[in-house]
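These notes concern the structure reproduced below.
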Amino acid sequence: MRMSKLFSKTLREAPNGADTKGYEYLLRAGYIDQLASGIFSLLPLGFRSIRKISTIVREEMDALGAQEILMPVVNPGDIWKETGRFYSIDREMTRFKDRRDSDMCLAMTHEECCTDLGRNVIDSYKRLPLLVYQLQTKWRDDPRPRAGLIRVREFTMKDSYSFDRDQAGLEKVYKAHYDAYFRIYKRCGLPVVAVGSDSGMMGGKVSHEYMYLSPIGEDTIITCPSCGYTANRQVARFKKTYNKEELKEKELVSTPNAKTIEDLCKVLSIESERTAKAVFMVGTYINDKDGSEEERLIVGIVRGDMDVEENKLQNAARANSMRPAHEEEIIAGGMVPGFGSPIGCKEGTVVVVDDAVAESNNLVAGANKEGYHYLNTNYGRDYSGTVADISSAKDGYICPDCGQPLRSSKGVEVGNIFQLGTRYSEAMNCYYQDENGERKPVIMGSYGIGIGRLLACLCEEYNDEKGLKLPLAVAPYQVHLISLIKDAEVGERVYNELKNAGIEVLYDDRKETAGVKFADADLIGVPVRITIGARSFAEGKYEVKLRKEDSVNLCSLDSIVPDTQALLAKLIRE
RNA sequence: CGGGUAGUAGCGCAGGGGCUAGCGCGUCUGGUUCGGGACCAGAAGGUCGGUGGUUCAAUUCCACUCUGCCCGACCA
């Protein structure tokens with residue numbers, strides 16, 4: 001490709017809002033262009049990188065025996081009503097009516113559509129297992145897109161869906177994806193870790209997320225450096241210690257103005273782990289069948305030295321969504337903000353008690369009376385509720401598996417795999433007949449990789465103060481050719497030689513000064529730069545420089561094609 | 001959806017109730033340069049996000065609205 005014809009231009013300054021290096025360079029180098037919030041065009045350079053990533057993904061999916069299909073972006077609302085998600089998903093899903101006034105929606109994922117395909121195709125156990133995948137546009141009306149391609153509203157996702165007759169089959173294809181995903185990221189050059197995760201709106205039980213660890217990440221990952229335990233903080237377990245002792249008599253004490261655990265500990269001269277703190281939320285419970293909604297007050301109780309992990313609480317409370325409660329709502333539930341506890345709360349309140357609280361005795365808790373707390377409250381005797389792990393894992397907490405301290409870090413989710421089970425097949429009547437003629441629901445799994453997000457993460461990982469330096473496997477071109485000599489013929493000749501040898505060349509044929517060409521080459525970051533200058537050309541030589549290295553090598557022009565091929569082959573092997 | 005911030009040339013920004021609305025970069029023309037974002041000379045390019053109001057006069061003041069970005073809520 002000739003730079004003079006390239007449908008993009010480089011920018012000398014970072015456009016407003018480019019707050020991470022990777023995003024800034026994607027814009028400045030002309031890989032992408034923003035159309036609206038969370039909506040981007042891929043320009044030729046960006047699209048070439050995306051295609052390279054897509055090819056790697058396709059190769060690895062094909063190797064699993066997956067068959068590529070393409071499902072529609074526009075879905076009828078009906079199939080989403082069958083699974084209930086037409087109602088349970090909030091405004092993140094865009095819905096509209098077609099001309100006949102039927103409910104339609106833009107697919108934010110394709111479980112429904114794919115399960116519909118499955119029920120049309122699968123009748124007998126003889127057809128199973130099956131595995132399909134697609135690279136298709138998703139639309140998710142995220143309330144807050146950010147960081148360039150990291151979090152967008154419209155994006156391309158590789159999503160695959162497995163159909164199996166039993167759990168063993170699902171586990172096999174799940175494991176195959178687990179391994180294939182690592183191969184995909186490795187081939188792209190992105191370091192990732194797989195972590196246990198929450199299944200969220202997808203349903204199902206077992207799931208993993210692939211995380212690119214980076215300070216720009218929005219997820220918090222808990223890891224154990226000693227034994228390798230890793231989990232999203234939303235579900236991360238940790239070892240708790242309990243204060244077991246003889247039950248003592250509950251006692252009302254005056255604690256004026258002690259609205260926080262910190263104040264309370266000061267007033268009573270106790271440690272925070274001797275207290276129980278209440279967090280008030282309002283959960284929305286949606287009836288999957290008709291979409292009707294009900295709000296209920298949720299009280300989460302954790303020990304004073306810990307924080308509530310809202311995701312765990314929402315799961316334990318079985319709410320579809322959750323928000324902090326307003327003061328009036330807490331009072332209406334029979335409790336007093338600042339001095340609250342489930343003791344004496346109104347019926348209908350969902351109480352979830354962290355196991356560290358349930359297993360400890362004689363904790364200080366709110367008396368639901370302004371200015372008062374109770375000493376020696378005990379779960380089971382003084383209040384009841386569901387017991388679950390709802391506290392948030394933190395740096396330094398104890399690993400549940402090996403007992404060593406845990407660490408936390410930030411990560412970007414670049415892929416996920418879910419064992420869906422029969423959540424969708426049962427809801428949508430996707431059944432098969434086994435050898436005995438018995439009808440059984442197909443066991444499903446779904447597996448996603450955000451293609452654009454993957455590119456964005458690669459750009460965060462591979463850049464320096466001059467621009468991008470993507471690995472050869474995903475860079476838009478292999479060689480960036482710069483000719484600095486007057487005689488245009490030489491550059492043209494070399495360009496054609498390399499191109500005809502099947503090498504992907506970006507040729508800077510513009511009438512620009514050397515400085516401009518070098519600066520743009522650094523910005524775009526093609527892995528191999530070949531320069532033909534007057535001095536070296538006079539000796540029949542050219543210069544080769546790798547984007548990731550500083551050194552420059554002089555080589556003979558006579559063997560430029562085989563030498564370049566050898567260099568590229570060497571880079572591919574690395 | 002709450003809080004903040006911004007919208008003026010392709011990009012980054014300045015300005016300001018009335019005058020020809022500027023600057024840097026980029027673009028175009030001519031010339032000189034020609035290995036790390038060259039120099040000189042000339043030029044093009046704007047209904048100052050939109051609507052309504054105040055005013056003799058609005059890009060500037062006011063109201064509303066749309067859009068982008070940041071923090072939070074939210075999120076695969």
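Every value quoted in this text rests on a predicted model; they were computed, and no experiment measured them. In what follows, chains carry the letters A, B, and so on, assigned in the order in which the sequence lines appear, proteins first and then strands, with residues in each chain numbered from 1.
- Each side-chain hydrogen bond (donor to acceptor under 3.5 Å, both in side chains) pair with one or both residues in residues 448-462 of chain A, not counting sequence neighbours, appears once here: A:T20-A:E460, A:Y212-A:E461.
- Annotation: proximity of residues 520-530 of chain A to RNA chain B (heavy atom, distance under 4.0 Å) is found for A:D520, A:D522, A:R529, numbered in ascending order.
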Inset, instruction - Could you run through nucleotides 7-12 of chain B and give me one letter per nucleotide, 5' to 3': B if any protein heavy atom sits under 4.0 Å from the base, S if only the sugar-phosphate is that close, - if neither? - result: ---SBS
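- The ring-ring contact (aromatic ring centres under 6.0 Å, His included) check on A:Y495 picks up A:Y507, with sequence neighbours excluded.
- In the model, A:Y424 has a side-chain atom that pairs as donor or acceptor with a side-chain atom of A:R85 under 3.5 Å.
- The ring-ring contact (aromatic ring centres under 6.0 Å, His included) check on A:Y185 picks up A:Y210, with sequence neighbours excluded.
- Judged as a side chain to side chain donor-acceptor pair (under 3.5 Å), and not counting sequence neighbours, the contacts of A:Y161 are A:D159.
- Within the 4.0 Å cut-off from OP1 or OP2 of B:G37, not a single side-chain nitrogen or oxygen of A:R12 is found.
- Residues satisfying the salt bridge (Lys or Arg N to Asp or Glu O under 4.0 Å) criterion with A:E60, sequence neighbours excluded, are A:R183, A:R187.
- A:H480 is linked by a ring-ring contact (aromatic ring centres under 6.0 Å, His included) to nothing, counting only residues two or more places apart in sequence or in another chain.
- Taking a pair as Watson-Crick or G-U with both hydrogen-bonding distances under 3.5 Å, the stems of three or more pairs touching RNA chain B are B:1-7 with B:66-72, B:10-13 with B:22-25, B:27-32 with B:38-43, B:49-53 with B:61-65.
- Backbone-only engagement by A:A147 is indicated by non-hydrogen atom pairs under 4.0 Å involving sugar-phosphate atoms exclusively.
- You won't find any donor-acceptor pair under 3.5 Å spanning the side chain of A:R91 and the base of B:C74, going by distance alone.
- Screening residues 8-24 of chain A for salt bridge (charged side-chain N to carboxylate O under 4.0 Å, His left out), with sequence neighbours left out, gives A:K21-A:E24, A:E24-A:R28.
- Annotation: ring-ring contact (aromatic ring centres under 6.0 Å, His included) contacts of A:F280 (sequence neighbours excluded): none.
- Remark: A:T564 pairs with no residue by the side chain to side chain donor-acceptor pair (under 3.5 Å) rule, at least two apart or across chains.
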